[in-house]
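Down below is the structure, laid out as structure tokens.
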2 protein chains.
Amino acid sequence: MDEALRAVADPTRRAILVLVREREVSAGDIARHFPDISRPAVSQHLRILVAAGLLDIRRAGNRRFYRLRPEGLAEAATFLKTMWSASLDRLRDAAERQERARNGEDGVRGSR
Amino acid sequence: MDEALRAVADPTRRAILVLVREREVSAGDIARHFPDISRPAVSQHLRILVAAGLLDIRRAGNRRFYRLRPEGLAEAATFLKTMWSASLDRLRDAAERQERARNGEDGVRGSR
DNA sequence: TAAGTATTTAAGCAACATCTTACATACTTT
DNA sequence: AAAGTATGTAAGATGTTGCTTAAATACTTA
């Protein structure tokens, strides 16, 4: 999961993921979507995404087709979602607690 | 979202998030959980997490209490979950397609 | 108000990430 | 087999990150 989250931290790599999430796309076609960076740079991003388990490769003749690999995303997505819901739970608790506090306390909880 | 995902890419910062996901924790208590790195290092991580919108601060006298901020996680979690489900959809489609392909094609699709 | 406690900010450095150019590999077509 | 096309690997320059120590800020207590 560590690798997956590090991989997803880069905006270029996220754009690549979006590009291949519906259908497989060849390395060249991917690179064409990023005119500002060289083909080798894209190739390196692809390597990192594959190593992180986020992409699958299919080699067909000359070309290599990349596509999203759901298993790779699962762990990372679950981590964030878990944190997110735990945080929401805590928020709800805090709201209740605050309501109770309105009666017995004055202003300790204010930020100022 | 860019900032949130970059923030979450670091393992120390993820550990901090886990630490404060249920209840608020003071900077000192957080730092105590990471004996291997200095207090200023932890403070810097906290700054990054706050800047990314992932943490809230409550200042109380001398101390500062940090806690998870669900809104900050929402975007990032949604991004990953969206990608993940899109990828699963594609997988299902591919399975169907492959079944159809068993009839009319020979072995182009194998990786070897 | 002086000393103590909790925490952050500043400055500098070492490690790592990302980009580029040049070269290598591997298939395809003539 | 030679030339062409698609892609990856290597090496090095540059920018960014994350750490450390030293100093500053902010609040508390004697």
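Reminder, nothing fancy here: chain letters follow the sequence lines and each chain counts from 1.
- If you take CD of B:Glu3 and P of D:dT16, they are 14 Å apart, rounded to a whole angstrom.
- B:Asp2 meets the salt bridge (charged side-chain N to carboxylate O under 4.0 Å, His left out) test with A:Arg14, B:Arg6; sequence neighbours excluded.
- Although no hydrogens or angles enter the test, the distance criterion places no donor-acceptor pair under 3.5 Å between the side chain of B:Ser43 and the main chain of B:Arg39.
- An OP1 or OP2 oxygen of D:dT16 is reached within less than 4.0 angstrom by no side-chain nitrogen or oxygen of B:Arg6.
- Under 4.0 angstrom from either OP1 or OP2 of C:dC19 there lies no side-chain N or O belonging to A:Ser38.
- Pairing each heavy atom of B:Leu46 with each of B:Ala27, the nearest pair is CD1-CB, 4.2 Å.
- B:Phe79 has its side chain out of reach of A:Leu73: every pair of non-hydrogen atoms, C-beta onward, lies at least 4.5 Å apart.
- Taking atom CZ on A:Arg58 and atom P on D:dT7, their separation rounds to 12 Å, with Å as the unit.
- By the side-chain contact (heavy atoms from CB on, under 4.5 Å) test, B:Ala41 is found to be paired with B:Ile37, B:Ser38, residues two or more places apart in sequence or in another chain being considered.
- A:Leu17 and A:Ile48 end up in different hydrophobic clusters when Ile, Leu, Val, Met, Phe, Trp and Tyr side chains are linked at under 4.5 Å.
- Phosphate contact (OP1/OP2 of C:dA17, side-chain N/O of A:His45, threshold under 4.0 Å): absent.
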Each nucleotide of nucleotides 3-9 of chain C classed B (base within 4.0 Å of a protein heavy atom), S (only sugar-phosphate) or -, in 5' to 3' order, makes --BSBBB
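- Checking B:Arg13 against B:Gly61, the closest nucleotide of DNA chain D that is more toward the 5' end is the one next to B:Arg13.
- The distance from atom CD1 of A:Ile48 to atom C1' of C:dA17 is 8 Å, rounded to the nearest whole Å.
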